[in-house]
Structures are given as C-alpha cells and as structure tokens.
Amino acid sequence: MDHEPIYRADLAYIHDQGYGFHAEICAPGILATLKPLLDRGGLVLEIGCGSGALTRHLVAAGHRVIATDASPAMLALAHAAVPTAEEIRPLVLPDDPIPAADAIVGIGHPLNYLPSVDAIHRALGALADALPVGGLLAVDLCDLEWGALRQGAAPHARVGDDWAIVTRFHQPTPARFDREITTFVRTDDGHYRRSDEYHRTVLVDTATIPDLLRRHGIEATVDVSFADPEHPLPRGLRTVIGRKTEPTPR
C-alpha cells in the first residue's frame with residue numbers, strides 16, 4: 001500500500017459525500033484573506049484540493065483557481081464538481097514543479113500526509129519560493145498538539161446512504177497520528193465493496209514554521225482560524241498565513 005496514492009476511489013467518494021464540513025468552516029476566513037487578490041484578478045493555487053469542496057467557494061467568489069491534488073480519484077471528482085476552475089491538475093509535493101500563482105492556499109492539512117517532517121519543511125519552502133513578492137500563503141497544518149489531545153482515541157464509524165466508514169487510530173510516536181481506514185460502498189448490484197487504506201499523518205511543531213518561512217522571504221503567523229474567529233479549526237489544527245515580503249534569498 002505504500003506505493004499507492006491515498007484517497008483512492010471509494011474513500012474519495014465518501015470524503016466528498018460526508019466530510020465537506022471542513023471547507024465550510026474554512027471558506028469564510030480564506031475568502032476574506034484573499035479579498036485584495038480578487039480585486040486585482042490574481043491567480044490562486046490550491047494544494048490538496050480534494051474533491052473541490054473549497055474550490056467551489058473560491059470559484060463562486062470569482063477567483064481564478066488552479067486546483068491540485070496528489071490523488072487521481074480526488075481530481076476526477078474535482079473536475080466534475082468545479083468544471084469552471086482555471087485548471088485542475090496533479091501536484092505531488094515536495095518535488096513537483098509548482099505553478100506560478102499570486103496566492104497559495106490549502107486546507108485539510110495536505111502537507112501532513114507527506115512522509116517526514118523534512119518533506120513538510122521542503123514543501124513549505126518550495127511553496128514559499130514559488131510566490132512573487134506580495135504573494136500570500138494560507139494553509140493549515142496538524143500540530144504536535146493534534147496527537148497529544150487524541151491519545152487513545154476510540155475507533156470512529158459513520159454511515160451514509162450508500163457508504164460506511166470505520167477508522168481506527170494509531171500513534172506510533174508523538175509526531176505521528178495514523179488512521180487505519182476501512183470503507184464500504186454499495187455497488188450497482190446492491191452489494192457492498194470493501195476497501196482499506198492506511199494514512200500516515202506526520203505532525204509538526206507549528207511554532208517553528210514562521211522562522212522556516214522567513215528564510216524564504218515570507219512573514220507568517222500561526223493561529224487557530226483563517227482570519228475568522230467565529231470559525232475556529234479543530235483543536236490541534238493550526239493555520240499558517242503569511243505574505244512574501246522579499247525575494248527568496250539565493
């Protein structure tokens with residue numbers, strides 16, 4: 001399973017059907033943060049777009065958006081959901097070339113799915129380097145607190161009209177919070193197809209992120225919401241919002 005993309009077809013479908021609430025929480029603050037960019041017609045790069053839950057809000061607000069994800073199944077759903085996006089394409093961080101954009105946004109902690117803290121740091125550096133002076137970075141990240149608050153978490157299950165999901169949690173180290181996911185999706189013949197995925201989530205000390213980004217020309221702050229205190233993120237999930245104030249040092 002290590003060499004297969006996460007969020008394959010069945011889990012991507014369930015995530016789209018049952019877990020769009022995170023985009024609803026984040027959208028008001030992100031749109032407010034991006035308002036100056038909208039006024040001048042800038043381009044937004046979205047990382048970890050998933051099935052397009054946030055992309056829909058961005059496009060509906062009038063933004064030009066390049067939506068990206070590492071999961072082909074998620075990209076297929078995003079193509080169907082937001083056909084008017086400027087572009088929907090694969091992007092696998094930290095090493096794929098990053099499209100030029102005036103702002104980079106990402107919710108659902110997509111960088112925490114990378115294999116190591118070093119890979120997360122390299123991805124943040126690459127994103128920062130891709131922005132022009134004046135460019136905006138706004139992403140969320142799972143802090144070490146995410147795992148500390150959820151030690152011994154009981155298995156979680158949800159059932160939809162034609163799907164079910166069971167998640168078991170594992171914490172092999174304080175810097176990991178993994179999920180063993182089993183899904184069931186009803187097929188055309190009325191039976192249920194079972195699929196399994198294992199998601200390794202690497203946690204980071206988000207207090208160190210502003211110093212890291214400063215080395216790439218970005219002044220950033222860490223908070224608990226996207227500029228909208230009435231819509232705080234789940235505990236342990238942090239927002240990182242920064243602006244490129246100087247060219248990337250060479």
Side-chain angles (χ1 to χ4, degrees), residues 1-27 46-58 67-83 85 88-94 96 105-116 119-120 123 139-142 146-147 150 153-172 176-203 233-234 236-237:
M1 190 175 294
D2 285 345
H3 300 290
E4 295 181 281
I6 61 172
Y7 287 105
R8 300 192 299 278
D10 286 351
L11 183 57
Y13 171 74
I14 290 173
H15 194 276
D16 178 58
Q17 294 294 304
Y19 291 87
F21 50 82
H22 185 67
E24 300 301 318
I25 291 171
C26 296
E46 183 185 3
I47 61 168
C49 71
S51 60
L54 178 64
T55 320
R56 281 190 289 263
H57 288 280
L58 295 170
T68 68
D69 203 281
S71 162
M74 283 295 202
L75 289 171
L77 291 172
H79 271 288
V82 200
I88 296 175
R89 50 165 288 184
L91 179 68
V92 181
L93 294 169
D96 277 4
V105 301
I107 65 169
H109 52 85
L111 297 182
N112 293 99
Y113 291 114
L114 298 180
S116 66
I120 294 171
V139 298
D140 61 21
L141 289 170
C142 280
W146 182 273
R150 293 165 177 79
H156 171 76
R158 283 190 65 190
V159 177
D161 290 340
D162 59 357
W163 56 266
I165 182 170
V166 178
T167 307
R168 300 172 182 85
F169 305 102
H170 304 280
Q171 293 177 272
R176 282 267 299 277
F177 187 83
D178 296 357
R179 291 174 293 158
E180 181 184 356
I181 302 169
T182 300
T183 61
F184 302 88
V185 173
R186 188 164 58 208
T187 59
D188 292 341
D189 60 8
H191 293 89
Y192 279 81
R193 177 177 58 246
R194 170 178 170 162
S195 300
D196 296 284
E197 295 194 24
Y198 194 94
H199 291 191
R200 295 165 177 82
T201 307
V202 177
L203 310 178
L233 301 190
L237 192 60

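On a predicted model such as this, the values are computed, not experimentally measured, just so you know.
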Decide side-chain contact (heavy atoms from CB on, under 4.5 Å) for I47 and L111; before the verdict, give the C-alpha distance in whole Å, the side-chain angles of both, and the deciding distance to 0.1 Å. CA-CA 9 Å; I47 61 168; L111 297 182; 4.1 Å; yes

Using 0.5 Å steps for rounding, measure from the CG atom of L91 to the CZ atom of R89. 6.0 Å

Gap between atom CD of Q17 and atom CG of L77 - 0.5 Å precision: 8.5 Å

Is it true that a side-chain atom of T201 and a backbone atom of N112 form a donor plus acceptor pair closer than 3.5 Å? no

Please check if the number of heavy atoms outside D188 that lie under 6.0 Å from its CG is greater than 12. no

With R150 via salt bridge (Lys or Arg N to Asp or Glu O under 4.0 Å) - residues at least two apart: none

Test V185 against D162 for side-chain contact (heavy atoms from CB on, under 4.5 Å), laying out the working first. CA-CA 6 Å; V185 173; D162 59 357; 5.6 Å; no

To the nearest 0.5 Å, what is the distance between CD1 (I88) and CG (D69)? 10.5 Å

Could you please spell out the steps behind the side-chain contact (heavy atoms from CB on, under 4.5 Å) verdict for H109 and L233? CA-CA 11 Å; H109 52 85; L233 301 190; over 6 Å; no

From R168, H199, H170, residue fulfilling side chain to side chain donor-acceptor pair (under 3.5 Å) relative to E180: H170

When rounded to the nearest 0.5 angstrom, what distance separates OH in Y113 from CG in L93? 14.0 Å

How close do R200 and D178 get, counting heavy atoms only, and between which atoms? CA-OD1, 3.4 Å

Residue from D10, T183, T187 passing side chain to side chain donor-acceptor pair (under 3.5 Å) with R193: D10

Check H191 against D189 and note the closest heavy-atom contact, atom names and distance. N-OD1, 3.0 Å

Show the numbers, then the answer: is there a side-chain contact (heavy atoms from CB on, under 4.5 Å) between R179 and E197? CA-CA 8 Å; R179 291 174 293 158; E197 295 194 24; over 6 Å; no

Say you draw a straight line from CD of E46 to NE2 of H57; how long is it, rounded to the nearest 0.5 Å? 10.5 Å

Under 30°, 30 to 60°, or over 60°: which ring-plane class applies to F21 and Y19, parallel, tilted or perpendicular? tilted

Distance (rounded to the nearest 0.5 Å) between I181 CD1 and T167 OG1: 5.0 Å

Side chain to side chain, S195 and L11, heavy atoms closer than 4.5 Å: no

